[in-house]
Amino acid sequence: MNNTLSYKRITLLLTFLALLGSSVAQESAADPEARYPYRREISSGNFGKVAQKIEKKLAKEADDVAYNYAAYRLWSAKGFADRDLALAYQHLATAYHAYAHSAPRQIERLERDGFDGALFSSDFRRIGLLALAQARAAATPDVFSDLLAIFTNIPDDIIASATYSRDSLELDIARRAGRTQDIHAFILLRPDSPLLPQAQALRDSSAFADAQQAHTTQAYEVFINEFPSSAQYQRAKDSLYTIAFRQAEQAGAEHLYRAYAERYPESPLAASASWRADSILYHTSVNPADWHSLVLYLDSPTPHTPYWHSFALHSLATIALDGHDVEAVAQALAHTPSSDSLRLPLASRLRRDYLIPSITNFHRLYGAYGRLLPSEWRTHDSLALALYNSYRFDIIDSCIHAIAPAHEAYIMLQQLIDHDIRYGRAAEALKSIEPFRDDFVGSEEFSRLAGLLADSPAAPTRPTAQPLKLLNAECSHPVPSIDGKTLYFSAKGHSSNIGGGDIFSARGKGKTWSSSHIEMDLSHTYGNEAPLSVTADGNTMLTLQSGRLFICRRDSASRKWLPAEPLLADFPMPIADACLTADGRALLLSIPGKEAYQTDTSLNLYVLVIGNEELGMRNLIDLGPTVNTPFADRAPYLAPDMKTLYFASEGHGSLGQLDLFVVTRLSDDRWDLWSEPRNLGLGINTVDNETWIRLSPDGKTVFSHRRARQVEIVTYQLP
């Protein structure tokens, strides 16, 4: 019970103290504790003659702090008949300025009377609030403008409130006026206004309404240019695109559609405008029954959409295929892309109309339209006719002119000079190919052929092939022994053969060879055997049997050949040619290429050291790109000096197909450093394939084989 009573007493006491503090605070705020003249009279509202007395004092001492403060209190007092807040503010500002610039002793005296910074700060807020309340009561922009112009030292939050009120009133007046220029004038006048975003939105909305009312392309373009950041920007663009497109649509003119697409490329209607422009152009330019107008349309520099270009092309093709005008077919084919399905029927029609019923029109067809036909057709037709009309040089000439610089044309060019090459007439061959030089611009094959013919020696110094009559049979792969007294070779179709091609030998020297007989120990009843190399001691021979290598060794006592032993038995690919080095320590192989610069069908040259043959492909040494090409490189033969390599190639420029070349090894320790290949030239090389070469021990006689009526062995005496 006592505790409850004590609690109530404490609560009542605290409530009383709070009310007392609030009252004191209000009194302090209403009447600061500064001792200024006539304080009691002003506070009690007994103004009487206080104004005259204060003015009289200030007339003598205009900067008196206390009297200026008293004047401020008087002129701002509620109930004073002549109340003037602007005048009150001036006196307060004067009092504060005089206080701030007083001497230290004077400031001490003033502060004892209650004049300090806190007092002035409180009164500047007070006068600001009074002025703000008075302006709000008037509620006109001019009143707020005057407040901001006069009451410059009041707190920032009051200034901000006055600014906002002034701007709100001005913006509302501009909005109610309903004119875009009035709102825009407010934006120009108040660029720092807190209401600027709202004003800009109002202005943009009003301007867009103006553009909508006018509803012209010019009005929308003006809005778009002046207000690119407005919320109505895209709506204005959409309206602009629609109106402009309808204007072009109503006129139905190509140039207006074209102008629309160029002026408004971002418009969703731009593609439609371009299509309509091209449609109008097509229908005004083309007569569907006249293929010439279609060609003129396709050749026109005016841009076309893919649709109308394709439509014109297919119309031209239809006319060409339905009619009998070769020129129409040719024009359609000339304008048809290589990937278009129309090319095949057009080409077929052109070829059929031109070649049937007379095939003699071939050279006319390819001379006029050869570049329009598929390349495989040109190749097939030209080669077939060139072979069929081998002595019709006018046909061959036309074929070459038609399809050069294609490789097939180069083959025909070699056929054209076949007789000159076979009989060593380099100058005549060079003269025969000269008329085709312009057709082969950029062709390395032609340049190399011309160079070979130009560099060929005169006839008396040129090697001449001499056939060797060893047997009445096909003879090939001649391999002389190191002493030059024995010639091993392969023969086929002789009465002594025991199966396929067998290995024979002959005794003699130079051009005289006799005692040709089969080497029974080296031959078999199956497959075709051919000698490839014989070592310097004559006791080891490398042979080739149906794409596989064998080593044959001679018994030193009986001088008989022992049974052949397979070499590279597990080699993963067939071997085209091979050669055993003179010291018997390494093999040179011609096999399908496996390097980056070679193709799947090329043959290239490699070295494999004897003793490492079980490693097979992993131990192959590539002779390198100086020797090997993406084409066929074969028939390697390393001379006894272990430096001079002869080989056949179709990739270094030739007189025809495979030619024989020679290079020099530039390092005893490496197999991929060689001199530039040199063509052995006219006399040894012809337009046919030269795929075999072996040299006599003195290096002056070349043994080779060629196909005439049958395969035969020939020799050349080197100068």
Side-chain angles (χ1 to χ4, degrees), residues 363 366-367 379 382-383 385-467 629 631-632 646 648-662 676-693 702 704-709 712 714-719:
H363 64 287
Y366 281 92
T379 302
S382 60
L383 288 180
L385 284 176
L387 292 174
Y388 181 79
N389 301 288
S390 298
Y391 301 100
R392 292 283 304 279
F393 293 113
D394 59 325
I395 297 293
I396 296 179
D397 287 354
S398 298
C399 295
I400 296 173
H401 284 306
I403 68 173
H407 179 68
E408 291 77 11
Y410 178 73
I411 298 299
M412 287 190 290
L413 188 67
Q414 291 177 321
Q415 293 173 348
L416 185 65
I417 61 174
D418 178 28
H419 288 283
D420 288 334
I421 296 297
R422 290 187 185 279
Y423 290 99
R425 298 191 292 262
E428 290 81 353
L430 184 61
K431 184 178 180 181
S432 296
I433 70 171
E434 192 62 33
F436 304 97
R437 185 176 293 276
D438 291 341
D439 297 310
F440 287 92
V441 172
S443 170
E444 293 186 6
E445 291 180 317
F446 184 91
S447 299
R448 288 175 176 174
L449 176 62
L452 287 173
L453 295 175
D455 294 339
S456 295
T461 62
R462 187 179 298 120
T464 303
Q466 299 293 329
T629 71
F631 305 98
Y646 297 87
S649 177
E650 62 180 6
H652 291 290
S654 63
L655 294 170
Q657 304 182 59
L658 285 160
D659 274 6
L660 294 173
F661 294 82
V662 62
E676 286 296 318
R678 177 174 61 84
N679 191 300
L680 293 185
L682 197 66
I684 292 179
N685 289 317
T686 68
V687 296
D688 293 327
N689 284 318
E690 278 70 46
T691 58
W692 186 263
I693 184 171
V702 173
S704 184
H705 62 239
R706 70 182 183 185
R707 179 176 293 277
R709 292 183 178 177
E712 62 180 4
V714 295
T715 63
Y716 303 88
Q717 295 299 316
L718 295 179

Can you tell me how far the [atom1] atom of [X] sits from the [atom2] atom of [Y], to the nearest 0.5 Å?
X: Asn679; Y: Leu452; atom1: CG; atom2: CG; result: 4.5 Å
X: Ser649; Y: Asp659; atom1: OG; atom2: CG; result: 8.5 Å
X: Phe661; Y: Glu676; atom1: CZ; atom2: CD; result: 11.5 Å

Next on the checklist: Glu428: which residues meet the salt bridge (charged side-chain N to carboxylate O under 4.0 Å, His left out) condition with it, sequence neighbours left out?
Outcome noted: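 Not a single residue meets the salt bridge (charged side-chain N to carboxylate O under 4.0 Å, His left out) criterion with Glu428.
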Item to check | Residues in salt bridge (charged side-chain N to carboxylate O under 4.0 Å, His left out) contact with Arg678, at least two apart in sequence or another chain | outcome: none
Next on the checklist: If the condition is side chain to side chain contact (heavy atoms under 4.5 Å, CB included), which residues does Ser704 pass it with, not counting sequence neighbours?
Outcome noted: Trp692, Val714, Tyr716
Item to check | side chain to side chain contact (heavy atoms under 4.5 Å, CB included) partners for Ile417, two or more places apart | outcome: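 Ile417: side chain to side chain contact (heavy atoms under 4.5 Å, CB included) contacts with Ile421, Ala429, Ser432, Ile433, Leu449, Leu453.
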Checklist entry - Does a side-chain heavy-atom distance below 4.5 Å link Leu680 with Tyr646? => result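 Answer yes - side chains close enough.
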Item to check | Residues which pass side chain to side chain donor-acceptor pair (under 3.5 Å) with Thr691, listed by chain and number, not counting sequence neighbours | outcome: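 With sequence neighbours excluded, Thr691 shows a side chain to side chain donor-acceptor pair (under 3.5 Å) to no residue whatsoever.
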Item to check | Minimal non-hydrogen separation, Arg437 against Ala450, with atom names | outcome: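 It is NH2-CB, 3.9 Å.
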Item to check | Counterpart residues, ring pair (Phe, Tyr, Trp, His ring centres under 6.0 Å), relative to Phe446 (two or more places apart) | outcome: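 Checked Phe446 against ring pair (Phe, Tyr, Trp, His ring centres under 6.0 Å); matches are Phe440.
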